Amino acid sequence: GDSVTQMEGPVTLSEEAFLTINCTYTATGYPSLFWYVQYPGEGLQLLLKATKADDKGSNKGFEATYRKETTSFHLEKGSVQVSDSAVYFCALSETNAGGTSYGKLTFGQGTILTVHP
Amino acid sequence: DVKVTQSSRYLVKRTGEKVFLECVQDMDHENMFWYRQDPGLGLRLIYFSYDVKMKEKGDIPEGYSVSREKKERFSLILESASTNQTSMYLCASSPPGGTEAFFGQGTRLTVV
């Protein structure tokens with residue numbers, strides 16, 4: 001079945017440092033790819049998404065590019081802030097044989113990011 | 001503003017109790033989901049529903065059941081709670097095509 005693998009955490013950075021969180025996937029079809037963020041005590045929020053190969057998703061200074069050739073969707077940010085401290089989840093949505101997605105997500109294990117002043 | 005609301009933020013139940021977790025969405029979404037979140041394991045799908053009275057097993061359905069009598073409400077039922085069901089439970093909904101899932105705040109369940 002489909003699967004998502006994220007880099008092991010936790011990740012600790014100083015403010016204004018460069019962030020990369022690696023994500024690779026295995027899928028039989030042509031999934032959409034997502035990054036979700038979970039701030040302390042809250043549910044998950046969509047951070048960005050990409051629906052086809054070579055698409056770049058971006059939001060709040062974060063970016064990720066859908067790379068079909070390397071089956072990757074790495075999250076990057078040029079300068080992190082303390083407020084970016086959260087858990088980040090990479091996910092893919094499956095499609096059935098007819099190409100329909102029900103929004104069923106397969107998640108990576110999550111990466112805890114802590115940013116210090 | 002779109003909203004998925006879970007009935008409780010925290011619950012403590014005893015082993016063997018029947019437990020109901022309720023989820024309501026106000027976006028008229030067809031698809032609804034229950035996930036379980038555990039450290040180091042990410043989120044794992046328990047059950048989902050793509051229409052009223054329809055349900056499909058996810059990756060870890062054992063020990064759980066669900067009910068969807070109305071489009072806006074999706075309930076997760078622990079028939080006989082056990083300590084290994086202590087976890088964070090997250091409900092989500094998505095529109096047809098599933099381009100984005102919207103999550104509730106989560107229910108942290110402790111079974112003692």
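Because the structure is a prediction, the values reported are computed rather than measured. Chain identifiers are assigned alphabetically (A, B, ...) following the order of the sequence lines, protein sequences preceding nucleic acid strands; residue numbering begins at 1 within each chain.
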What part of B:E56 is in contact with chain A, defined as an atom under 4.5 angstrom from a non-hydrogen atom: side chain, backbone, both or neither?
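Neither part, no heavy atoms under 4.5 Å.
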Chain A heavy atoms under 4.5 Å from B:R9: which part of the residue, side chain, backbone, both or neither?
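It is the side chain, since no backbone atom gets that close.
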Rounded at 0.5 Å granularity, tell me how far [atom1] in [X] sits from [atom2] in [Y].
| X | Y | atom1 | atom2 | value |
| --- | --- | --- | --- | --- |
| B:E100 | A:Y36 | CD | OH | 5.5 Å |
| B:F103 | A:L105 | CZ | CG | 5.5 Å |
| B:L43 | A:Q38 | CG | CD | 7.0 Å |
| A:F107 | B:L90 | CZ | CG | 8.5 Å |

Answer yes if [X] and [Y] sit in the same cluster of Ile, Leu, Val, Met, Phe, Trp and Tyr residues linked by side chain heavy atoms under 4.5 Å apart, and no otherwise.
| X | Y | result |
| --- | --- | --- |
| A:L46 | B:Y35 | yes |
| B:F33 | B:V24 | no |
| B:F102 | A:Y88 | no |
| A:Y25 | A:M7 | yes |
| B:F74 | B:L21 | yes |

CD of A:E16: more than 12 outside heavy atoms within 6.0 angstrom?
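Counting neighbours around CD of A:E16, 12 or fewer heavy atoms of other residues, nucleotides or ligands fall under 6.0 Å, so no.
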Does a sphere of radius 6.0 Å around OH in B:Y10 hold more than 12 heavy atoms from other residues, nucleotides or ligands, not counting ones at 6.0 Å or beyond?
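Counting neighbours around OH of B:Y10, 12 or fewer heavy atoms of other residues, nucleotides or ligands fall under 6.0 Å, so no.
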Could you check whether any side-chain heavy atom of B:Y50 comes within less than 4.5 Å of a side-chain heavy atom of A:K104, counting everything from C-beta outward?
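No. Closest side-chain heavy atoms not under 4.5 Å.
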Relative to chain B, which segment of A:Q45 carries a heavy atom at a distance below 4.5 Å: side chain, backbone, both, or neither?
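No part of A:Q45 comes within 4.5 Å of chain B.
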Using atom types as modelled and distance alone, determine if a side-chain donor or acceptor of B:R44 lies under 3.5 Å from a backbone N or O of A:T106.
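Answer holds: no.
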